[in-house]
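Encoded as structure tokens, the structure appears first; notes follow it.
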Amino acid sequence: MEPAAAADLSSRTLRFLTRQLAARRQEIGTRWRRLSAARQALLALTHLRCGDTYAQLAVGFGIGIATVYRYIREAVEALSALAPSLDEAMRTIRTKAFVILDGTLLPIDRIAADTPYYSGKYKRHGMNVQVLTDPFGRLLWVSPALPGSTHDLTAARQHGIIDAFADAGLKCWADKAYQGAGGHVRVPFRGRRFKRWKRRHNTTHAKIRCLGERAMATLKGWRLLRKLRCSTNRITDVVKAVLVLHHAST
């Protein structure tokens with residue numbers, strides 16, 4: 001019996017991943033598999049999109065849990081290799097009037113002792129991911145994942161986002177967490193009592209920046225990212241795989 005949630009998957013996305021897996025099998029000379037490339041693609045997409053566990057997928061597809069793990073890992077690695085670097089994404093970003101920069105926390109299954117992964121901002125354990133979107137909130141690029149305790153501005157600098165925009169002379173809109181990033185990163189005024197023009201600035205800024213929330217909704221639409229249970233070393237590949245699949249479906 002197929003996982004019921006598989007109906008939520010795009011046929012265009014399924015065909016794209018099937019082609020990638022078929023090409024990979026041909027490249028490594030695979031002769032026989034328990035699942036066809038199309039079925040393996042459906043397996044991986046069901047896990048990423050719907051968050052089904054390995055045990056659920058093993059039952060649904062009639063294979064062992066170890067085989068599910070291998071097939072999903074292979075698909076994620078194949079997809080993540082296609083994800084654009086920041087330099088590659090900047091070619092598209094340069095064609096935009098501006099972009100929106102924001103950070104989000106991807107929750108992980110960790111205990112309280114894992115201090116580096118605890119975000120004081122969100123009051124939970126997770127991984128910090130930086131997101132760049134176009135003026136309409138469409139997802140352009142997602143950064144590698146860092147421990148949740150990493151501040152957004154620190155993460156943006158570590159990934160080279162701040163320097164990339166400064167070098168290109170491009171503007172981006174961001175929230176208060178990016179105060180001190182430089183004049184090319186536009187942030188709202190901090191404080192409570194403002195002059196009228198500052199209030200207008202913050203209101204306009206908020207209307208622009210809120211469009212970036214669409215990208216966050218796009219990411220969280222992949223239910224696996226709502227509560228990651230895999231090794232933290234693999235989360236970057238998972239995020240990159242989701243980005244590639246999103247671009248393939250649009």
Side-chain angles (χ1 to χ4, degrees), residues 8-10 12-13 16-17 48-49 79-106 127-146 150-189 200-226 235-250:
D8 187 37
L9 302 174
S10 161
R12 183 175 181 178
T13 308
F16 170 80
L17 182 52
L48 292 169
R49 185 69 175 178
L79 289 168
S80 65
L82 301 175
S85 65
L86 179 58
D87 287 341
E88 291 169 337
M90 287 298 292
R91 298 171 192 167
T92 300
I93 291 169
R94 287 188 180 93
T95 67
K96 308 297 180 181
F98 63 89
V99 295
I100 301 168
L101 168 64
D102 203 357
T104 189
L105 187 82
L106 301 180
M127 301 294 285
N128 179 298
V129 170
Q130 299 295 299
V131 177
L132 291 172
T133 72
D134 71 7
F136 301 99
R138 291 181 293 231
L139 187 61
L140 297 175
W141 181 79
V142 179
S143 76
L146 294 174
T150 309
H151 190 275
D152 281 335
L153 179 55
T154 301
R157 283 176 171 158
Q158 186 168 331
H159 296 309
I161 298 170
I162 306 301
D163 288 342
F165 278 89
D167 293 344
L170 299 174
K171 298 289 185 182
C172 75
W173 267 250
D175 63 22
K176 296 176 183 178
Y178 299 89
Q179 289 277 355
H184 51 282
V185 180
R186 298 188 176 182
V187 297
F189 291 106
R200 287 199 301 266
H201 169 88
N202 279 7
T203 299
T204 302
H205 186 282
K207 289 179 180 178
I208 294 172
R209 194 180 59 78
C210 72
L211 295 174
E213 295 300 323
R214 295 181 183 178
M216 300 306 178
T218 295
L219 283 179
K220 298 301 173 66
W222 297 80
R223 294 174 196 146
L224 182 68
L225 298 183
R226 298 177 190 176
I235 292 176
T236 290
D237 280 349
V238 171
V239 173
K240 287 182 177 181
V242 167
L243 176 66
V244 170
L245 289 171
H246 169 70
H247 286 167
S249 66
T250 57

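Counting from 1, the numbers follow the sequence of the chain as shown. Below, all heavy atoms of this structure are taken into account, side chains as well, without hydrogens, waters or symmetry copies.
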Quiz item: Aromatic rings Trp141 and His159: how do their planes relate, parallel, tilted or perpendicular, breaks at 30° and 60°?
Solution: perpendicular
Self-check item: Member of Val238, Thr13, Leu225 meeting the side-chain contact (heavy atoms from CB on, under 4.5 Å) criterion with Leu48
Solution: Val238
Quiz item: Just how far is it from atom OG1 of Thr133 to atom CD1 of Ile100, taken to the nearest 0.5 Å?
Solution: 4.0 Å
Quiz item: So which heavy atom on Arg12 is nearest to which on Ala248, and how close?
Solution: NE-O, 3.3 Å
Quiz prompt | Spacing of Leu153 atom CG and Leu101 atom CG [to the nearest 0.5 Å] | solution = 9.0 Å
Quiz item: Would you say the side chain of Phe16 lies within less than 4.5 Å of the side chain of Leu79, judging by non-hydrogen atoms?
Solution: yes
Quiz item: Taking all non-hydrogen atoms of both residues, which atom of Ala145 and which atom of Ile235 are closest, and how far apart?
Solution: CB-CG2, 3.9 Å
Quiz item: Do other residues, nucleotides or ligands put more than 12 heavy atoms under 6.0 Å from the CZ atom of Phe189?
Solution: yes
Quiz prompt | Separation of Gln130 CD from Thr154 OG1 (nearest 0.5 Å) | solution = 9.5 Å
Exercise. May I ask you to test the Ile93-Phe165 pair for a side-chain heavy-atom distance under 4.5 Å?
Key: yes
Quiz item: Are His184 and Ile162 close enough that some pair of their side-chain heavy atoms sits under 4.5 Å apart?
Solution: yes
Practice problem: Return the minimal non-hydrogen interatomic distance between His205 and Pro188, and the atom names on each side. | Solution: CE1-CD, 3.3 Å
Quiz item: Nearest heavy-atom pair of Leu211 and Pro135: which atoms, and what distance?
Solution: CD1-O, 3.0 Å
Practice problem: Quick one: pull up CH2 in Trp173 and CG in Asp102 and give me the separation to the nearest 0.5 Å. | Solution: 15.0 Å
Self-check item: Side-chain touch Leu132/Leu86, heavy atoms, less than 4.5 angstrom
Solution: yes
Quiz prompt | Check: Glu213 side chain, Cys210 main-chain N or O, donor-acceptor pair, under 3.5 Å | solution = no
Practice problem: State whether the side chain of Ser143 and the backbone N or O of Val129 hold a donor-acceptor pair below 3.5 Å, judged by distance alone. | Solution: no
Quiz item: Got a donor-acceptor contact below 3.5 angstrom from the Arg214 side chain to the Phe136 backbone?
Solution: yes
Quiz prompt | Atom of Lys220, atom of Leu106 and distance for their closest heavy-atom approach | solution = CE-CD2, 3.7 Å
Quiz item: Roughly how far apart are Asp163 CG and Gln158 CD, rounded to 0.5 Å?
Solution: 12.0 Å
Quiz item: Between Leu243 and Val142, which heavy-atom pair has the shortest distance, and what is it?
Solution: CD2-N, 3.9 Å
Self-check item: Distance, nearest 0.5 Å, that separates NZ of Lys96 from CG of Leu170
Solution: 12.5 Å
